[in-house]
Amino acid sequence: LGTNPVSLTRFENKEGDSHVMACCDRPTVAYCAKNRGNRLLYNNVNLRQVRSMARFRTPSCPEALAFATQGNLILGTADAIQKLHVSTVRLNEQPRRIAYQKETSSFLVTCESVNASDLNHLRIADGQTFEWVASIPLEKNETAASSISIQFEGSKSGSAYFCVGTAFILANEDEPTRGRVLVLQYKPNKNVFRIVAQVNTPGTVYCLESLNGKLVAGINSHVQLYTWEEEMIHTHTNMDVKVSALGADIKDGTSNGSTTAAGAAGGGSSGTMVQCRLVPLCCHRGHIVALHLSSYGEYVVVGDMMKSLSLLMYKAESKSLVELARDYTNKWMTAVTMVDDQVYLGTEDRYHLFSSKRNLASMDDEERRRLETVGMFHLGEFVNRFKKGSLVMHLPEGDDDAKVGAVAATSAGAAAAAGSGGGDASSSNTSSSPTTVPAAHLFATINGVIGVVASLTKQQYNFLKRVEWAMERVVHGVGGLSHRRFRAHMTADNRFEDSKYFVDGDLVEKYLSLDPKDMQKVAKIMKMDVDVIMRHIETAARVH
């Protein structure tokens with residue numbers, strides 16, 4: 001429960017069940033779960049540094065609680081335990097991509113009209129109220145394919161921008177031959193949303209990623225790197241008026257249809273303006289379709305539609321993207337992410353989750369240029385996005401629990417499960433130090449599953465793998481289906497092999513809900529005490 005002194009306060013929820021609030025630098029609610037054999041469970045509270053708590057009942061809000069923090073008095077109510085906060089925002093359009101910008105506390109949502117004759121839109125939603133505050137229509141036959149929030153290297157203002165990649169879908173073309181990269185800026189204090197710069201592309205911009213303040217884009221069969229340039233230019237008074245009108249027009253939801261790659265990022269002194277440009281820096285070719293990108297430092301992993309993963313590196317001295325290694329097996333990629341500069345996660349169309357790493361220890365140049373597939377796990381879900389993050393609050397710095405260096409993984413909101421891992425535990429930087437906070441990645445699937453994949457130390461992997469092995473012998477699937485067979489992956493020659501270097505977090509956490517007899521059976525197989533097993537699993541489950 002953190003490092004500060006803890007004060008305990010009892011309260012009751014709406015159903016009359018008793019709970020205990022532990023007030024400290026990591027506030028937690030303790031409660032007894034009757035549906036889990038009267039076990040004591042814990043849930044984090046979405047507050048920080050709570051000094052004290054008391055019941056605060058009024059006729060208008062009889063279930064209120066008062067929280068005292070270092071500088072605030074907060075009144076609120078306790079929601080249902082172990083429930084995700086879900087709010088539905090009606091669009092009357094088809095949302096395609098979403099990006100969050102912390103600096104302006106806003107969401108960019110790319111929307112596709114349900115009527116083919118209507119224009120598609122880029123819309124801004126307030127990050128707190130989720131109300132629509134601004135929008136920009138795209139051009140005719142244009143649809144958004146990717147979006148991110150980015151802070152460009154070399155930007156004098158240090159402003160954050162939204163970048164959107166688009167494609168023009170024409171009935172007479174098998175594949176789009178034209179698209180755009182749009183750079184947009186939202187100013188919440190003025191409620192102005194406008195296009196700052198844009199550049200035409202020779203195809204669909206399938207993905208966008210930030211690379212040390214530069215913009216890297218996957219455009220059809222090549223990966224393009226852009227840099228940001230700003231130039232102060234002198235203007236006449238009437239040009240200043242035109243720039244202001246441009247911002248006002250877009251704020252009101254109309255566009256002047258400009259196709260130039262320059263725009264106004266903001267006015268300077270009287271008679272000057274900032275001209276912004278996206279400038280192509282270099283590109284890397286040789287892909288079938290570059291569908292997915294993920295960056296870490298100066299490295300970029302490309303997920304190809306058919307050619308699995310390839311690792312690129314940007315060399316500043318030659319201003320070029322150079323391929324360092326690739327996976328030479330054929331995998332139809334659906335999502336990729338980088339755990340660090342040596343370990344990468346990917347999913348492919350056969351519903352497999354796998355981890356790859358660079359073979360830097362080899363003395364053979366050809367082996368060093370080959371990405372080695374280390375871990376394989378049949379997920380049973382079609383993953384379409386990875387995102388680094390967690391479903392729970394970040395631990396405060398210095399928290400002893402943050403020094404464990406590993407967490408378990410599970411799915412959230414659906415029955416399908418995710419495995420945890422990240423390749424060989426002994427080779428991952430995230431597991432080499434006992435003081436390193438584990439790298440967790442969320443994933444989303446087409447069936448509505450939100451899951452977590454996280455790194456494990458070698459010691460934790462071995463323990464949780466033993467739990468999984470023991471659970472398979474006590475808990476049997478519906479109809480007697482084998483869990484081991486279900487999680488087995490199919491090789492390139494259509495053979496089934498057991499999963500490796502991944503642990504099924506859902507199966508492991510199911511131990512916490514077993515009846516006492518089954519718990520004892522698992523403990524007997526592992527030759528360990530029930531309390532010890534429960535304590536380790538509960539610690540690992542805190543990732544989600």
Side-chain angles (χ1 to χ4, degrees), residues 96-97 110 142-148 150 152-153 163-170 173-183 197-229 259 261 277-338 344 346 348-349 356 369-371 384-386:
R96 289 301 185 187
R97 298 291 183 269
T110 68
E142 187 178 23
T143 184
S146 54
S147 65
I148 62 166
I150 187 174
F152 285 108
E153 177 187 42
C163 291
V164 176
T166 72
F168 288 88
I169 310 297
L170 303 179
E173 292 182 348
D174 294 332
E175 292 289 337
T177 59
R178 188 165 65 96
R180 291 192 298 171
V181 176
L182 306 176
V183 182
Q198 57 181 302
V199 60
N200 294 326
T201 61
T204 303
V205 185
Y206 286 102
C207 47
L208 295 169
E209 186 67 26
S210 174
L211 181 65
N212 290 335
K214 299 178 178 62
L215 181 67
V216 58
I219 306 171
N220 282 5
S221 62
H222 68 278
V223 177
Q224 179 73 53
L225 186 65
Y226 296 95
T227 187
W228 183 250
E229 290 186 359
T259 58
R277 293 188 298 270
L278 266 182
V279 179
L281 190 60
C282 59
C283 74
H284 183 272
R285 303 182 183 276
H287 308 275
I288 302 298
V289 178
L291 289 178
H292 312 284
L293 294 172
S294 180
S295 66
Y296 189 97
E298 58 191 359
Y299 300 97
V300 178
V301 162
V302 182
D304 192 89
M305 183 177 70
M306 297 175 59
K307 296 171 63 176
S308 190
L309 301 179
S310 58
L311 177 66
L312 308 181
M313 177 183 177
Y314 173 66
K315 292 190 174 182
E317 60 274 10
S318 60
K319 295 184 178 180
S320 61
L321 284 171
V322 179
E323 182 179 284
L324 300 180
R326 71 163 46 248
D327 181 4
Y328 288 93
T329 62
N330 290 329
K331 294 186 180 73
W332 292 60
M333 302 301 300
T334 64
V336 299
T337 188
M338 298 184 71
Y344 327 109
E348 39 108 356
D349 67 331
S356 299
R369 290 183 55 83
R370 185 184 301 273
L371 291 181
N384 55 15
R385 189 70 62 195
F386 279 109

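Only this structure's heavy atoms are used, side chains among them; waters, hydrogens and symmetry mates stay out. Index from 1, following the sequence.
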Q: Mind listing the closest non-hydrogen atom pair of Tyr206 and Ala290 along with its distance?
A: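 Between these two residues, the closest heavy atoms are CB-O, 3.6 Å.
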Q: Mind checking the CG-CZ spacing from Leu371 to Arg326? Nearest 0.5 Å is all I need.
A: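 The distance works out to 8.5 Å.
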Q: Side chain of Gln198, backbone of Val183: donor and acceptor closer than 3.5 Å?
A: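 Absent.
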Q: Distance from Cys207 atom SG to His292 atom NE2, nearest 0.5 Å?
A: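 The SG atom of Cys207 sits 7.5 Å away from the NE2 atom of His292.
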Q: Just wondering, do His222 and Pro202 contact through their side chains at under 4.5 Å, heavy atoms?
A: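 Yes; the side chains approach each other to less than 4.5 Å.
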Q: From Arg178 CZ over to Ile169 CD1, what is the distance, rounded to the nearest 0.5 angstrom?
A: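 Between atom CZ of Arg178 and atom CD1 of Ile169 there are 11.0 Å.
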Q: Which atoms form the tightest heavy-atom contact between Gln224 and Pro280, and what is the distance?
A: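 Closest pair (atom of Gln224, atom of Pro280, distance): NE2-CB, 3.6 Å.
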Q: Do the non-hydrogen side-chain atoms of Pro176 and Leu170 ever get within less than 4.5 Å of each other?
A: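 Side-chain contact under 4.5 Å: no.
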Q: Hey, what do you get for OH (Tyr299) to CG (Leu211), rounding to the nearest 0.5 Å?
A: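 Rounded to the nearest 0.5 Å, the OH-CG separation comes out at 11.5 Å.
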Q: Looking at side-chain heavy atoms only, is the closest gap between Thr337 and Tyr344 below 4.5 Å?
A: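 No, side chains not in contact.
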Q: Please report, to 0.1 Å, the donor-acceptor pairs under 3.5 Å made by any side chain of residues 302-314, with sequence neighbours excluded.
A:
| from | atom 1 | to | atom 2 | distance (Å) |
| --- | --- | --- | --- | --- |
| Asp304 | OD1 | Ile288 | N | 2.8 |
| Asp304 | OD1 | Val289 | N | 3.3 |
| Asp304 | OD2 | Met306 | N | 2.9 |
| Asp304 | OD2 | Lys307 | N | 3.0 |
| Lys307 | NZ | Gly286 | O | 2.8 |
| Ser308 | OG | Asp327 | OD2 | 2.8 |

Q: I want to check something: taking the side chain as every heavy atom from C-beta on, are His287 and Val223 in contact at a cut-off of under 4.5 Å?
A: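 The answer is yes; the side chains approach within 4.5 Å.
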Q: For residues Asn384 and Thr334, determine if any side-chain heavy atom of one lies less than 4.5 Å from a side-chain heavy atom of the other.
A: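 Of all side-chain heavy-atom pairs linking Thr334 with Asn384, none is under 4.5 Å.
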Q: With side chains defined as the heavy atoms from C-beta onward, is the minimum distance between Trp332 and Leu291 less than 4.5 Å?
A: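 A side-chain contact under 4.5 Å is absent here.
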Q: Using side-chain heavy atoms (C-beta onward) and a distance below 4.5 Å, is Leu293 in contact with Leu208?
A: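 The answer is no, as the side chains (C-beta and beyond) never meet within the 4.5 Å cut-off.
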Q: Measuring from Arg277:CZ to Tyr226:OH, what's the distance to the nearest 0.5 Å?
A: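 The distance works out to 15.0 Å.
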Q: Below 4.5 Å, heavy atoms only, C-beta onward: do Leu215 and Cys163 meet side chain to side chain?
A: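 Side chain of Leu215 against side chain of Cys163, heavy atoms only: contact under 4.5 Å found.
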Q: Any idea which heavy atoms bring Asn212 and Gly297 closest together, and the distance?
A: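 For Asn212 and Gly297, the tightest heavy-atom pair comes out as ND2-O, 3.2 Å.
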Q: Restricting to non-hydrogen atoms, name the atom on Ile148 and the atom on Ser210 that form the minimum distance, rounded to 0.1 Å.
A: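 Smallest heavy-atom distance, with atoms named: CD1-N, 4.0 Å.
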Q: Got more than 12 heavy atoms from elsewhere within 6.0 Å of CD, Glu298?
A: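 For Glu298, atom CD is crowded (more than 12 foreign heavy atoms under 6.0 Å).
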Q: Please report the closest heavy-atom contact between Glu209 and Ser295, naming both atoms and the distance.
A: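 Answer, listing the atom of Glu209 first, then Ser295: OE2-OG, 3.2 Å.
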Q: If you take all heavy atoms of Leu281 and Lys214, which pair is closest and at what distance?
A: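 So the minimum-distance heavy-atom pair works out to CD2-CE, 3.8 Å.
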Q: Nearest 0.5 Å, please: how far is OG in Ser221 from CD in Glu175?
A: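 One finds 11.0 Å between CD of Glu175 and OG of Ser221.
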